[in-house]
Amino acid sequence: MGRIVGLLLLLAFASPAAADPREAAAEKWVDAEFSPSTLDRETQLAELAWFRKAAEPFQGVTINVVSETITTHEYEAKVLAKAFAEITGIRVNHDLIQEGDVIEKLQTQMQSGRNIYDAYVNDTDLIGTHFRYARAVSLSAFMAGEGKAVTNPRLDVDDFIGKSFGTGPDGQLYQLPDQQFANLYWFRHDWFQREDLRKRFRERYGYELGVPVNWSAYQDIAEFFSVHVKEIDGVRVYGHMDYGKKDPSLGWRFTDAWLSMAGAGDTGIPNGKPVDEWGIRVEGCRPVGSSVTRGGATNGPAAVFALTRYIDWLKRFAPPEAAGMTFSEAGPVPAQGQVAQQIFWYTTFTADMTQPGIAVVNEDGTPRWRMAPSPRGPYWEEGMKLGYQDAGAWTLLKSTPLERRKAAWLYAQFTVSKTVSLKKTLEGLTPIRESDLASQAMTEAAPRLGGLVEFYRSPARLAWTPTGTNVPDYPKLAQLWWQNVAEAVSGERTPQQALDSLAAQQDRVLQRLERAQVQGECGPKLGPEVDPATWFAKPGAPKPVLANEKPPGETVRYEELIDAWREGRAR
């Protein structure tokens, strides 16, 4: 009997994988799922061994996390959560809900102090909220302090391309990027290459059909396809796509950099200084106003121009049903093959736009479409941001009990670890790491992704940024936008009236925050109201009305643009 026991002990020590099913699980997942990776197999297994060791105090724990419903997070919820549980022994309920619901849950937890979720993937648009209210955990402090034992030594924070987006004015990292996508110009490259269409466009407008550099060219191209071409291969076509239903997503359409694309704010990357793309002026770190009477630009001429163009294009050049659509309903429309271009297209739809057999994909799997930088409005100046970058990022709240927070932090790091991040990027096409973007796997994927890889490898991407720190309370302020914009779309108010109302409402929120004194030394402090002419006479935003808001159209050949990117130029 003693010999049998001794033999069993010997076998147990000789076969550690058999003794620890979590180690066997790590090998299984690396071999079956986590390829390609920028790490070799040995380093992947070493990273997973660290997760296994760090998770030992949390065996049997179940954590609850939440994110919005996009392809990347579906991969996390269906694949990575299962892998993490098998490798670490920590079970994960990864809920997928709409973005507005994520913000609502987050806001409720911040206000009540009741732990609803142990970690959130929420947009870095809330960075101004998080650093001012001090209810989100400073990840910089956490990683160096009470979370040090559960912080992956191979995390490599400097490898994240959106690191600055989750960093407050105090230099602290509050949000760790989990996925990232931009809003870019999308167009039917195959149609733009057709010589018959190119000839007709040249004869009518006097310049070449190509990627529009400015809004004038975009409008000409929209008119050309909707009004003059009308039909291609027997199908009714349109030169523009958008959405206009009275819905919270209508607000994102504007807070996601529409005003900055027109040129409403100031120069400065990642956000205009002192006036940002929401039109909010900040002195130091304190918001002082949105209205032009306080030096803001929310209701200034450039913003009015932007809203006016949006309504005009929606009604004249988009499919008739577009005005009644929400963001999620409008997103798949270009893939149906009737739209020539879209000025404001989120690259999160790239995965859906590359499916075999759809109208915009060739038989060999290559796209008939391309993406490029969005054109700029007449108020735009060199040095301004040019578009929006969504950076969904892991956020921990102080109201989450410490031990649950530690376990959730392990899962958060696992979903962005170098072991899994390249495979996750190829699944969801929302890159977060420089090392992944530089990989051979991304080079090989590039031909079927219509310019996504080239954009993210280029210096151009630096002009695409999320909402910045000028916005002191994203949930309270964001809800004002869609309600006011909807009144302009319906014709209840003029664009000027709608934006005057929006600016006044934003200033009232700033005033309430100032009176409440809940945001410390960087909380709002409203400036005095003066005649707008006083501000218009000064450099920068708010800017006075331009004499010509439709200068000559300008386009560029797509191939020339891509060559510039590959050479490291931001053309």
Side-chain angles (χ1 to χ4, degrees), residues 128 132 169 215 254-255 257-310 376-385 467-473 476-477 480-481 484-485 487-488 493-515 519 521-551:
R132 286 187 175 89
W215 282 21
F254 286 82
T255 58
W258 183 244
L259 301 191
S260 72
M261 290 164 63
D266 273 314
T267 57
I269 301 293
N271 304 91
K273 299 176 183 179
V275 180
D276 73 348
E277 68 271 26
W278 286 46
I280 298 175
R281 176 176 287 272
V282 165
E283 292 180 0
C285 63
R286 306 195 77 151
V288 297
S290 305
S291 303
V292 290
T293 54
R294 290 190 168 93
T298 305
N299 60 335
V304 173
F305 165 80
L307 179 54
T308 302
R309 280 290 182 272
Y310 157 76
R376 49 191 182 241
Y379 291 86
W380 191 87
E381 303 170 55
E382 199 68 45
M384 293 180 65
K385 69 178 288 182
T467 296
T469 57
N470 286 25
V471 180
D473 192 318
K476 284 188 175 71
L477 292 167
L480 304 176
W481 284 72
N484 284 286
V485 168
E487 292 188 347
R493 295 189 178 190
T494 66
Q496 183 70 67
Q497 290 169 337
L499 292 176
D500 286 345
S501 172
L502 172 61
Q505 290 174 25
Q506 284 201 145
D507 283 352
R508 284 197 291 273
V509 171
L510 299 182
Q511 189 173 51
R512 287 199 295 271
L513 291 173
E514 179 183 356
R515 288 172 177 168
Q519 294 194 331
E521 62 182 15
C522 287
K525 185 176 177 60
L526 277 186
E529 290 195 87
V530 300
D531 187 325
T534 303
W535 287 105
F536 292 150
K538 296 180 179 181
K543 302 164 186 176
V545 177
L546 284 174
N548 180 15
E549 292 183 326
K550 193 180 185 299

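In this chain, residues are counted from 1 in sequence order.
- Atoms CG and CG, on L502 and L480 in that order, are 6.5 Å from each other to the nearest 0.5 Å.
- Listed by first and then second residue, the ring pair (Phe, Tyr, Trp, His ring centres under 6.0 Å) pairs involving residues 267-298 are W278-Y474, W278-W481 (not counting sequence neighbours).
- Among residue pairs with one or both ends in residues 263-275, those qualifying as side-chain hydrogen bond (donor to acceptor under 3.5 Å, both in side chains) are N271-E277; sequence neighbours excluded.
- Contact check for P495 versus Y310: no side-chain heavy atoms found under the 4.5 Å cut-off.
- Applying side-chain contact (heavy atoms from CB on, under 4.5 Å) to V509 and the options Q511, Q505, R512 leaves one that passes, R512.
- The OG1 atom of T469 lies 8.0 Å from the CG atom of D276; values are rounded to the nearest 0.5 Å.
- Taking each heavy atom of N548 and K550 in turn, the nearest pair found is OD1-N, 3.0 Å.
- Here the straight-line distance linking atom CG of N484 with atom CZ of F254 works out to 11.5 Å at 0.5 Å rounding.
- In this structure, L513 CG and Q519 CD are separated by 5.0 Å, a value rounded to the nearest 0.5 Å.
- With values rounded to the nearest 0.5 angstrom, E549 atom CD is found 6.5 Å from R309 atom CZ.
- Scanning all heavy atoms of the two residues, the minimum distance from R132 to C522 falls at NE-O, 2.7 Å.
- Across every non-hydrogen atom of V485 and L307, the tightest pair is CG1-CD1, 4.1 Å.
- Between N470 and V282, the closest heavy-atom pair is CG-CG2, 3.3 Å.
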Would you be so kind as to tabulate the donor-acceptor pairs closer than 3.5 Å made by side chains of residues 524-541, with sequence neighbours excluded?
{"unit_1": "E529", "atom_1": "OE1", "unit_2": "T293", "atom_2": "OG1", "d": "2.8"}
{"unit_1": "D531", "atom_1": "OD1", "unit_2": "A533", "atom_2": "N", "d": "2.9"}
{"unit_1": "T534", "atom_1": "OG1", "unit_2": "D531", "atom_2": "O", "d": "3.2"}

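- Between the side chain of K385 and the backbone N or O of M261, no donor-acceptor pair lies under 3.5 Å.
- Side-chain contact between L510 and P472 is present, with heavy atoms from C-beta onward closer than 4.5 Å.
- When all heavy atoms are compared, the tightest approach of V292 to A297 is CG1-CA, 4.5 Å.
- A306 pairs by the side-chain contact (heavy atoms from CB on, under 4.5 Å) definition with W215, W258, L259, A262, not counting sequence neighbours.
- Sequence neighbours left out, the pairs with a member in residues 281-291 that pass side-chain hydrogen bond (donor to acceptor under 3.5 Å, both in side chains) are S290-Q506, S290-D507, S291-D507.
- Applying the side chain to side chain donor-acceptor pair (under 3.5 Å) rule to S260 yields no partners; only residues at least two apart in sequence or on another chain are considered.
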